[in-house]
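What follows is one structure encoded as structure tokens, with my remarks underneath.
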Amino acid sequence: MVKRSKEQFFKKKMNTKFKASQKGSKSGASTNPDRKLPEKQLNAKHQFFRSKQTIQRLNLYNEKPNKEEMWKQATQPARIDPNRKWFGNIRTIDQQQLDKLRQEMANRTHDPRSVLIKAKQLPLSLLVEAQKKNKNVPLLELESYEDTYGPKSKRKRIKLNVETMEGLADQAEQKEQTYVVEKDEKLNPVEIVQQESRDKRLTAGQSKRIWEELYKVIDSSDVLVCILDGRDPMGTRSYHLENHIKKNCPHKHLVLLLNKCDLIPTWLTSRWVQYLSKEYPTIAYHANVNKAFGKGPFINLLRQFDKFHRDKQTISIGFVGYPNVGKSSVINSLKKRKVCKAAPVPGETRVWQYVALTKRIYLIDCPGVVYQHEGKNDVEVVLKGCVRAEKLDDPEFYIPALLEKARAPDLKRIYDIDDWIDEHDFLKKVAIKKGKLAKGGEADTKATAKLILMDWQRGEIPFLTYPPDYIQKDVIEENIDEDILEKQQIELNDQKLQEILIQK
């Protein structure tokens, strides 16, 4: 009897196993992708046989790649097969039709109710006129390096906008007339000292890490929802983000969500929605896990964006805005449960969070970002709820601005005090009423100021702002009296106090 080695035995076994996988084989083996299945299994509801693709994939695991063919280099030039489409008709348009398309495109881009679908398939380079702005001036083309530096450098005369001494004198007089002493930083060392001694806590929401989180959310989102505080929508609106989307990513959609609309009257909410809808789609919303106002229209809007992007497997909705405007609360109200950590204080969300709303729609929560370079001072940053009041070093400094924005009858009713002379008298009366006393029976104004600022940030002290075009037109037409506004505000405050008592 002839003895076979182990290698010959395994070779014969492998050949017999994968012989059925060859083309044209009629074998019914499990390794043959072209095998015929019985008719009973073809008509059955539950099939347990492997598909053709699965068998081919499993056979690849047992085959070894031919490295010699992989490392071969092409010795002859490649040839592309000809196609009939090369010689077909080409659609062309004249310059007038192109100008007409450009004009229609420019008009539709500013319309908040129109959406550009499949922008990648359009020749946007022809439809959108490029803005020629040379940020980097070609200095070497104007003046060579040798003419400017080195032993062969040529001395050039100073370029002036004037040709005569009289013109130079006139220019100096104009500068002297437009000179403002208050804006001269060198003559105002107090501002420099204030910037150096500024509280570091006021820079919350402006760190490099927070900005990186914001741009992560922008890059990974198809639709961006900017959350606004219904009490001050224009103050919590991020113009930097809107300009960034217009310039760098115009294919992304932007929606404004007017949150905390339960803290202002209904007629004022409708006015704000009418004003903001001129630029972007705006929806009034009240974030509540059990009973959320505006949830239906908002979900319908997200479904419309989902239909626009059917070519993608999923779409992402990014929620951005200032701290303490309710980004995490909106996501919790959409899910009807607590999926994101939310609190009535700023800075609760530290990193971005990914939440699944449906199989195709995903929500992204972003930390709050403060846009300090938009002309906002420290007082506005604190009153907008961007900094935690209990961590401020000098909370009494922000009380005068709070007294200007809040209404005196509301403060009297909330803290149960009489008239006051100035902010110091106001703090003393509230401290005595709340029992905030220091050693010797003196009023602890610092603790009292922190308490008042915390009430302001949590919405217990009501305040509101009007749209820019409301005072000029609508007040005259409707003849709204201040007494009516006070009554509406008192009713709203009474409802809030009843809700707080019921919760306790």
Side-chain angles (χ1 to χ4, degrees), residues 194-195 197-207 210 229 231-232 235-236 260 263 322-326 328-329 341-350 367-368 370 372 376-465 493 496-497 499-501 503-504:
Q194 287 179 355
Q195 292 178 0
S197 61
R198 188 187 179 198
D199 190 1
K200 293 182 179 180
R201 297 180 182 88
L202 295 173
T203 60
Q206 304 173 29
S207 62
I210 296 294
D229 193 340
R231 299 169 293 178
D232 188 11
T236 54
K260 301 182 181 180
L263 301 178
Y322 274 78
N324 201 26
V325 293
S328 302
S329 301
K341 192 176 181 181
V345 291
E348 192 66 25
T349 304
R350 301 297 178 89
V370 181
Q372 183 64 23
K376 296 178 176 61
N377 52 18
D378 295 344
V379 177
E380 293 182 359
V381 170
V382 172
L383 294 182
K384 283 173 184 174
C386 302
V387 183
R388 297 194 179 189
E390 62 269 16
K391 294 184 178 181
L392 293 173
D393 292 336
D394 189 12
E396 300 97 329
F397 176 73
Y398 309 100
I399 298 300
L402 187 147
L403 295 176
E404 292 179 0
K405 288 190 174 184
R407 297 173 62 85
D410 297 332
L411 295 173
K412 291 178 183 178
R413 184 176 60 260
I414 292 169
Y415 296 109
D416 194 14
I417 58 174
D418 298 331
D419 296 334
W420 57 87
I421 302 171
D422 55 1
E423 63 271 11
H424 301 289
D425 189 22
F426 173 73
L427 289 173
K428 288 180 181 179
K429 289 184 177 181
V430 175
I432 294 170
K433 198 70 180 179
K434 294 289 183 179
K436 299 289 183 181
L437 302 176
K439 291 183 179 180
E442 296 182 358
D444 190 356
T445 57
K446 187 173 183 179
T448 307
K450 288 182 179 180
L451 178 66
I452 295 170
L453 290 174
M454 289 172 66
D455 293 343
W456 173 271
Q457 292 179 355
R458 293 178 180 179
E460 296 182 6
I461 300 176
F463 81 100
L464 48 86
T465 55
N493 297 334
K496 285 177 60 182
L497 291 172
E499 291 177 358
I500 293 168
L501 292 173
Q503 291 177 0
K504 289 181 180 180

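- To the nearest 0.5 Å, the span separating CG on Asp419 from CZ on Phe426 amounts to 11.5 Å.
- Between the Thr448 side chain and the Val430 main chain, no donor and acceptor come within less than 3.5 Å of each other.
- More than 12 heavy atoms of other residues, nucleotides or ligands shown are found within 6.0 angstrom of NZ on Lys405.
- No side-chain heavy atom of Lys384 sits under 4.5 Å from any side-chain heavy atom of Asp229.
- Counting heavy-atom neighbours within 6.0 Å of Lys429 NZ, excluding the residue itself, gives a total above 12.
- Put simply, CD1 on Ile461 and CD1 on Ile452 are 6.5 Å apart, with the number rounded to the nearest 0.5 Å.
- Looking at heavy atoms from C-beta onward, Lys446 lies in side-chain contact with Glu396 at the 4.5 angstrom threshold.
- Between Ile210 and Val370, every side-chain heavy-atom pair lies at or beyond the 4.5 Å cut-off.
- Using a 4.5 Å heavy-atom threshold, the side chains of Asp444 and Leu437 count as separate.
- In this structure the side chain of Thr445 never reaches within 4.5 angstrom of the side chain of His424, judged on heavy atoms.
- The two atoms that bring Ala447 and Lys436 nearest to each other are CB-CD, 4.5 Å, heavy atoms only.
- One finds a salt bridge joining Lys433 and Asp416 here, because a Lys/Arg side-chain nitrogen approaches an Asp/Glu carboxylate oxygen to under 4.0 Å.
- In this structure, Trp420 and Leu427 have side chains that are not in contact, with every pair of non-hydrogen atoms separated by 4.5 Å or more.
- Note: Lys450 NZ to Ile399 CD1 = 12.0 Å, rounded to the nearest 0.5 Å.
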TODO: Verify side chain to side chain contact (heavy atoms under 4.5 Å, CB included) between Tyr398 and Leu392, making sure each step is shown before the conclusion.
DONE: CA-CA 10 Å; Tyr398 309 100; Leu392 293 173; 3.9 Å; yes
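- Ion pairing between a basic and an acidic side chain is recognised when a charged N comes within 4.0 Å of a carboxylate O; Lys428 and Asp425 show no such pairing.
- For the pair Ile414/Asp455, no side-chain contact is recorded, criterion being any heavy-atom separation below 4.5 Å from C-beta on.
- A side-chain donor-acceptor contact under 3.5 Å links Gln457 to the backbone of Val387.
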- [ ] Output, in order, the C-alpha distance, side-chain angles, deciding distance and verdict of side chain to side chain contact (heavy atoms under 4.5 Å, CB included) for Leu383 and Leu453.
- [x] CA-CA 8 Å; Leu383 294 182; Leu453 290 174; 4.2 Å; yes
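- Aromatic ring pairs are classed by plane angle as parallel below 30°, tilted from 30° to 60° and perpendicular above 60°; the pair Phe463 and Trp456 is parallel.
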Open item on the list: Using side chain to side chain contact (heavy atoms under 4.5 Å, CB included), reason through Leu451 and Met454 one step at a time and then give a plain yes or no.
Closed with: CA-CA 5 Å; Leu451 178 66; Met454 289 172 66; 5.5 Å; no
TODO: Could you walk me through whether Leu403 and Leu411 pass the side chain to side chain contact (heavy atoms under 4.5 Å, CB included) test, one step at a time?
DONE: CA-CA 9 Å; Leu403 295 176; Leu411 295 173; 3.6 Å; yes
